[in-house]
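Report on one structure; see the data block that follows.
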Amino acid sequence: MQGLEVTVLLGLAILVGTALAPKLRIATPLLLVILGLLLGFVPQLREIQLPPETVLLLFLPVMLFWESLSTSLRAIRRSLRYIIPMSTLLVVASALAVAWVATLFGMPWTTGLLLGAAVAPPDATAVAALGRLLPQRMFMKLKAESLSNDGTALVVYAIALSLALGENVTGWTVTMTVLVSYLGGAAAGILTAALAYAGLRRTRSAIVINTTLALVPFVAFLLAEMIHASGVLAVVTAGLIIAWSLSRITTATSRRQAVAAWPFGVYLLNGALFVLIGLEVQFVVHDIEPRMIGRLLLITVAAWLTLLAVRYVFQAINVLFTRPRRSRRRAGSGDASTASGAAPAPAAPPRPGHRARIVSTFAGFRGAVSLAIALSVPATVAGSGELSGRDAVVFVTGGVILLSLLVQGPLLPLILRWAALAPDDAAEEEAELAQRTITGAAAAAIDELATANDISPEVRDRARRETYEQLEYANARAYARQSRLDDARIAELESMLTDPSAPGTAAVEVGEAPGADPMPPSGAEEAAAPPIAEGTVTAASARPAPTLQMLATSDGIDLTQRSPLVRHDELTRLRLALIGRKRDVLHRLRRDGTIDDLVALRIQGKLDLDELRLRGIDPDS
């Protein structure tokens, strides 16, 4: 098929899947994979091939860069003792275990190791698409692990490929491969981020900023490939650095453009990838002799079960090495939420138990990276019997991906309900804390900012009233949420007294306070309008006419007062200055680790909207 026809077909499949998924109550990625499988029954569509370089060079950099930008750096720092072993040692252990299981079914060891390298890493995009139901802390840990484990899998694949092709592999070559891959990838990412930072500091054009950001993942990947390092690690490293400095090198306009464009583009790429996975699996199935499919299906199921078992056991072992850090944090002086008077949040998560490990095990989905690695296997790799090594690896990898998406995906919500994990309200608590803190800081700085911007007392007092109303609203929301949590906990304890068989912990859904008014955007609405003078022609009574008419006039205007245009200009300047002060306090809270990076980004987005309402949208600012 021609490229345009394929593009239209993929677009229609994504459209149908997106429209039907809510009605069928199924996750959109799962439905897209099923649509790909159904389309694969058409012989002409089955011939659509997915080149591995397309995934590695086009799909993967964009998707990994966006996931890096939307990942919590604080969560990564606090969970390094979990993330590093899970993204390195677990990948190696999973690859070796799958290779050993494959040899039990007659697959050569080197081919089995290629298969293990392909299916070992959970996929970041699949986790991001299907793991949203997880508690926030667990979701961020799994996402961070998925972002960094692809580099390990590609290193294992390079070593396995050298063995399969009969090349000389020694301890020195393995060590150098690992060092060049990790250190070179990190260096390429740091260099790309530094160049982008230096260039973006000198421009305020939204188009220039977002074009530069769009090039960052491809440049990082290219630099890493030039020195034979990990392009995946380079993209992730550049993305994390850019995410940390994003507020200093972008503008409100560029951030709003990026927030609108990036998720939509990544969604289209991700959807196309899931459809292509289904098509690729159909192609492989029809390309293999039917008498060989039975054995390959056994290998597929055995490899999938092995991955689940190894992941669960490794997590149980890894807990032993994460205990000391938790105990030290628990003994520390606490975080800023306690000092600020907010309800104290636990300094560290509780030690994950049996149920939490099962949830994390089933949340490790396989996806694009696994398929790209499998498709990269040369056809000259030896297999068993009449089956080439590449065909076996691609078939089993595709089967593991399908089992991961179509079995683990639907089971995850059921397992979450069974696990009854404690609700994770840390993000909401920190968002309330941040909102109250920045609003209080703005209220305290009104006199200073009014003097600096030559604001009249009348306008200053009006801004003060608005700011205090926002502060009262933020305090009321925090109190209402805590009251709902307390009431729910009391009801839960009462139900446990009457029904001893009830689970000990139930998830509490936190919503808006009943009857609560929506929060007025900062600086977005004026105070209540004065009553219209007698004899005024209103909009309701005015008849439509083709020419411009005055809808409201009054003879009672006091010409000795300051001009409404002047007052409006002063109020706008003061509101913008207050938004700037809020941003400064918000960035300090983020740097100190008081609030999470994603919480800061969420509140910054609201401040950006307030600024754009006041300034207007200017693409060049």
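The model shown is predicted, which means the values in this text are computed figures rather than measured ones.
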Mind listing the closest non-hydrogen atom pair of [X] and [Y] along with its distance?
| X | Y | value |
| --- | --- | --- |
| Leu405 | Leu30 | O-CD2, 2.6 Å |
| Leu296 | Val396 | O-CG2, 4.1 Å |
| Ala27 | Ala21 | C-CB, 4.4 Å |
| Ser370 | Val119 | OG-CA, 3.9 Å |
| Ala118 | Thr397 | CB-OG1, 3.7 Å |
| His228 | Val180 | O-CG1, 3.6 Å |

Inter-residue atom distance [X].[atom1] - [Y].[atom2], 0.5 Å rounding:
| X | Y | atom1 | atom2 | answer |
| --- | --- | --- | --- | --- |
| Leu154 | Ile159 | CG | CD1 | 11.5 Å |
| Leu15 | Leu35 | CG | CG | 11.0 Å |
| Asn210 | Leu215 | CG | CG | 11.0 Å |
| Leu233 | Ser87 | CG | OG | 9.5 Å |
| Thr212 | Ile249 | OG1 | CD1 | 9.0 Å |
| Leu96 | Trp109 | CG | CH2 | 5.0 Å |

Say whether, by atom type as modelled, one donor and one acceptor occur between the side chain of [X] and the main chain of [Y] under 3.5 angstrom.
| X | Y | answer |
| --- | --- | --- |
| Gln282 | Leu37 | yes |
| Ser79 | Tyr82 | no |
| Tyr197 | Ile241 | no |
| Arg295 | Ile293 | no |
| Asp123 | Phe365 | no |
| Thr173 | Val169 | no |
| Ser404 | Arg366 | yes |
| Ser360 | Ala356 | no |
| Arg355 | Trp418 | yes |
| Arg74 | Asp597 | no |

Would you check if [X] and [Y] make a side-chain contact, meaning some heavy-atom pair closer than 4.5 Å?
| X | Y | value |
| --- | --- | --- |
| Pro85 | Phe314 | yes |
| Tyr267 | Thr28 | yes |
| Leu90 | Arg311 | yes |
| Trp304 | Val407 | yes |
| Leu308 | Gln408 | yes |
| Thr306 | Trp100 | no |
| Arg417 | Leu414 | yes |
| Gln257 | Ile209 | no |

Going through the distances and angles, do Val275 and Leu9 end up as a side chain to side chain contact (heavy atoms under 4.5 Å, CB included)?
CA-CA 10 Å; Val275 176; Leu9 175 67; over 6 Å; no
Please test Phe59 against Asn270 for side chain to side chain contact (heavy atoms under 4.5 Å, CB included), starting from the C-alpha separation and ending with a verdict.
CA-CA 8 Å; Phe59 285 77; Asn270 214 359; over 6 Å; no
Side chain to side chain donor-acceptor pair (under 3.5 Å) evaluation trace for Lys143 with Ser70
CA-CA 10 Å; Lys143 187 177 174 182; Ser70 57; 3.1 Å; yes
If you count the non-hydrogen atoms of other residues, nucleotides and ligands that lie under 6.0 Å from NE2 in His286, is the total more than 12?
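Yes, enclosed.
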Ring-plane angle category for Trp66 and Trp262, please: parallel below 30°, perpendicular beyond 60°, tilted otherwise.
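The rings of Trp66 and Trp262 lie parallel, inter-plane angle below 30°.
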Is there a side chain to side chain contact (heavy atoms under 4.5 Å, CB included) between Leu402 and Thr300 once you walk through the steps?
CA-CA 10 Å; Leu402 287 184; Thr300 299; over 6 Å; no
Leu64 vs Asp150, test: side chain to side chain contact (heavy atoms under 4.5 Å, CB included). Steps then yes/no.
CA-CA 10 Å; Leu64 288 180; Asp150 296 338; 4.1 Å; yes
